[in-house]
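Scroll down for the structure; my scribbles are underneath it.
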Protein chains: 2
Amino acid sequence: MYDDSDKERLLLAVDCIVFGFDGEKLKILLIKRGFEPERGKWSLIGGFLRKSEVLQDAATRILSVYTGLDDIYMEQVGTFSDVDRDPEERTVSTAYYALINIAEHSQKLSHRYSAQWFSVEDAPPLIFDHDRMVRHALERLKIKAETEPIGFELLPDKFTMLRLQKLYEAIYNVSLDKRNFINKVRSLDILEKLDEKDKTSSRKGSFLYRFDAEKYHRAERSRSLLNL
Amino acid sequence: MYDDSDKERLLLAVDCIVFGFDGEKLKILLIKRGFEPERGKWSLIGGFLRKSEVLQDAATRILSVYTGLDDIYMEQVGTFSDVDRDPEERTVSTAYYALINIAEHSQKLSHRYSAQWFSVEDAPPLIFDHDRMVRHALERLKIKAETEPIGFELLPDKFTMLRLQKLYEAIYNVSLDKRNFINKVRSLDILEKLDEKDKTSSRKGSFLYRFDAEKYHRAERSRSLLNL
DNA sequence: ATTTGTAAGTGTATATTACACACTTATAAT
DNA sequence: ATTATAAGTGTGTAATATACACTTACAAAT
């Protein structure tokens, strides 16, 4: 019926776009490659899929190797297959993005594998098709953030309204009015206002909030999180 | 630095979810497998990626083999990697969806490869993880349809308002008010109203419309196509 | 004790968009 | 001329988005 003799086996890689947020800018984690090809250039963290594992597990494993982090939210972005994307051997790569909270985890990874945080906007050029992967991941993150509270992953447990606002401003690269922002967020009723205040940035201090997972799941999917 | 000796080569398949619209229901094209494994069961059309081609080309080639169609809109859905998804050999598969206009193309493919159209809702169970692929493809189609005029692909060149409405009703599985629907579509200003009428379904006849690609691209991204 | 500087916090009016809803019209067949 | 059928059309109301500026709480300095 059709000719199966042309089945060709090839390498399947996994590359991870690790997003973080430092309170001002959306960041990605890059490593300076310590091996050929392209030694010394910046790239995403990555590795190869093993026959015994699924892609999601490979992505989790690779993230853990490079950052020491487990239990991190990851989502598949897409699969990139340019014929000569890897000069060594025909390799197809599936990209995943991860969302992590820089403040809580940054110290662990600072010195391993020359990993470094870069603002999404002024990251250095990356090897292979990694720049394209990052662009795709960003698009997916934007779509995700419209309907789900990605702050769960990218912010510390307790955070101020301003920080949440700046997160959305960073992701969508816009500026928002704080009154409208807070009204919108309040209407979603997925945050718990704490009694605590964060006094690091003002004398008055600003109240801390926390995501209320239960409220969120009750209200889930009813309305999108932000209209921009 | 890290151990690359575990690079394992495997098969990469491509499976295609072919969506069509018959004026009433959203349909998918399935084939009855003429080969092992799972001979005689229903499945998506698929094949294997060759070393010399990119995934998009493989998807295009596979669609062409099974349907004779070229120049069809296709989009990557995702990559599925359950370890034992294919009992023969470790195989990872990337799914693509295609949008085609049944009326114009159906005759070509009717008898080849026992291909058959099924309503998305009452399709038979599929082999491997193909049901999951279809579900994912549907989700992606819904997201796509919110912001882009998929009618370009799924409808004939000229169509009635009712047909366009039924397309959205089929995709989102809702029913819409025709007055609100037409008002919304008109406000987008991406259709050209023709002088012709389609008289097949009523004595009065209903005017035909056509997508105006130029108007569409001018208005692109300004607002989403439908809020549901 | 008072003043001052800083960021936090708050509300309303207007514009836009979504939604609900029912009768009239054009035409072919009889 | 009558009738049956689907096409075509508009408005009022509710919900949501957007624009916009002053007051408050507090710590530090005097």
Side-chain angles (χ1 to χ4, degrees), chain A residues 23-24 142 145-147 151 155-156 158-169 172-210 219 221-228, chain B residues 22-24 142 145-147 151 155-156 158-169 171-210 219 221-228:
Chain A
E24 284 296 326
K142 287 180 187 175
E146 275 178 36
T147 53
L155 294 175
K158 302 167 182 179
F159 51 86
T160 65
M161 269 291 166
L162 183 61
R163 212 176 162 84
L164 183 61
Q165 182 181 335
K166 292 234 179 258
L167 172 57
Y168 279 91
E169 292 181 333
Y172 292 103
N173 201 28
V174 293
S175 57
L176 302 169
D177 179 272
K178 66 175 172 174
R179 289 162 292 188
N180 292 339
F181 183 81
I182 201 173
N183 288 340
K184 175 78 182 182
V185 171
R186 284 236 182 84
S187 76
L188 296 169
D189 191 34
I190 56 173
L191 293 187
E192 179 187 1
K193 186 176 186 172
L194 306 176
D195 289 330
E196 274 178 273
K197 281 187 159 188
D198 171 356
K199 301 208 168 181
T200 56
S201 68
S202 84
R203 311 201 195 289
K204 184 177 179 179
S206 65
F207 282 103
L208 290 166
Y209 292 80
R210 184 156 55 188
R221 312 247 118 233
S222 67
R223 258 304 113 201
S224 79
L225 219 62
L226 271 193
N227 276 10
L228 297 160
Chain B
D22 67 355
E24 283 296 326
K142 287 180 187 174
E146 274 178 36
T147 53
L155 294 175
K158 302 168 182 179
F159 51 86
T160 65
M161 268 293 166
L162 183 60
R163 211 175 164 84
L164 183 62
Q165 181 181 337
K166 292 233 177 261
L167 172 58
Y168 280 90
E169 291 181 334
I171 291 174
Y172 292 103
N173 202 28
V174 292
S175 57
L176 303 170
D177 179 274
K178 66 176 173 174
R179 288 162 293 185
N180 291 338
F181 183 81
I182 202 173
N183 288 340
K184 175 77 180 181
V185 172
R186 283 235 183 84
S187 76
L188 297 169
D189 191 34
I190 56 173
L191 292 186
E192 178 187 1
K193 185 174 187 174
L194 306 176
D195 289 330
E196 273 178 275
K197 281 187 159 189
D198 171 358
K199 300 207 169 182
T200 56
S201 67
S202 85
R203 310 199 196 291
K204 185 176 178 180
S206 65
F207 281 103
L208 290 166
Y209 292 79
R210 185 155 53 190
R221 313 248 118 231
S222 66
R223 260 300 116 199
S224 80
L225 219 61
L226 271 193
N227 275 12
L228 297 161

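Summarising the geometry, the separation between CG on B:L208 and P on D:dA7 is reported as 12 Å, rounded to the nearest angstrom. Going from atom CZ of A:F207 over to atom P of C:dG9 covers 7 Å, rounded to whole Å.
Atom-to-atom distance recorded for B:E169:CD and B:L176:CG is 4.5 Å, nearest 0.5 angstrom. Of the inter-residue distances, the one linking A:T160 atom OG1 with A:F207 atom CZ reads 12.5 Å to the nearest 0.5 angstrom. Atom-to-atom distance recorded for A:L167:CG and A:R163:CZ is 9.0 Å, nearest 0.5 angstrom.
Under the rule for a salt bridge (charged side-chain N to carboxylate O under 4.0 Å, His left out), the partners of B:E192 that lie at least two apart in sequence or sit in another chain are B:R210. Take A:R203 and apply the salt bridge (charged side-chain N to carboxylate O under 4.0 Å, His left out) test, not counting sequence neighbours, and it matches no residue. Here B:K142 pairs with B:E139 under the salt bridge (charged side-chain N to carboxylate O under 4.0 Å, His left out) rule; sequence neighbours left out. Remark: B:D22 pairs with B:E24, B:K25, B:K27, B:I102 by the side chain to side chain contact (heavy atoms under 4.5 Å, CB included) rule, at least two apart or across chains. In terms of the salt bridge (charged side-chain N to carboxylate O under 4.0 Å, His left out) criterion, residue partners of B:R179 (sequence neighbours excluded) are, by chain and number, B:D177.
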Contacts under 3.5 Å, N or O only, protein and nucleotides 13-16 of chain C:
none

Mind listing the N/O atom pairs, protein and nucleotides 10-12 of chain C, below 3.5 Å?
residue: C:dT10; atom: OP2; partner: A:R186; partner atom: NH2; Å: 3.0

Please tabulate the protein-to-nucleotide N/O contacts below 3.5 Å involving nucleotides 24-30 of chain C, giving atom names and distances.
residue: C:dT25; atom: O2; partner: B:K204; partner atom: NZ; Å: 3.0
residue: C:dT27; atom: O3'; partner: B:R203; partner atom: O; Å: 3.4
residue: C:dA28; atom: OP1; partner: B:K199; partner atom: NZ; Å: 3.4

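With the end axes of the helix from C:dA1-D:dT30 to C:dT30-D:dA1 each set by five pairs, the angle from one to the other reads 10° at 10° resolution.
Within the structure, a side-chain polar atom (N or O) of A:K184 is placed less than 4.0 Å from OP1 or OP2 of D:dA17.
The stretch residues 193-202 of chain A participates, sequence neighbours left out, in these salt bridge (Lys or Arg N to Asp or Glu O under 4.0 Å) pairs: A:K158-A:E196.
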A:L164 and A:F181: CA distance, side-chain angles, deciding distance, side chain to side chain contact (heavy atoms under 4.5 Å, CB included) verdict
CA-CA 9 Å; A:L164 183 61; A:F181 183 81; 3.9 Å; yes

| request: Step by step, work out the side chain to side chain contact (heavy atoms under 4.5 Å, CB included) result for B:Y168 and B:V185. | output: CA-CA 12 Å; B:Y168 280 90; B:V185 172; over 6 Å; no

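For the pair B:K166 and B:F159, the minimum side-chain heavy-atom distance is 4.5 Å or more.
For the pair B:Y209 and B:M161, the tightest heavy-atom approach, listed with the atom from each and the gap, is CE1-CG, 3.5 Å.
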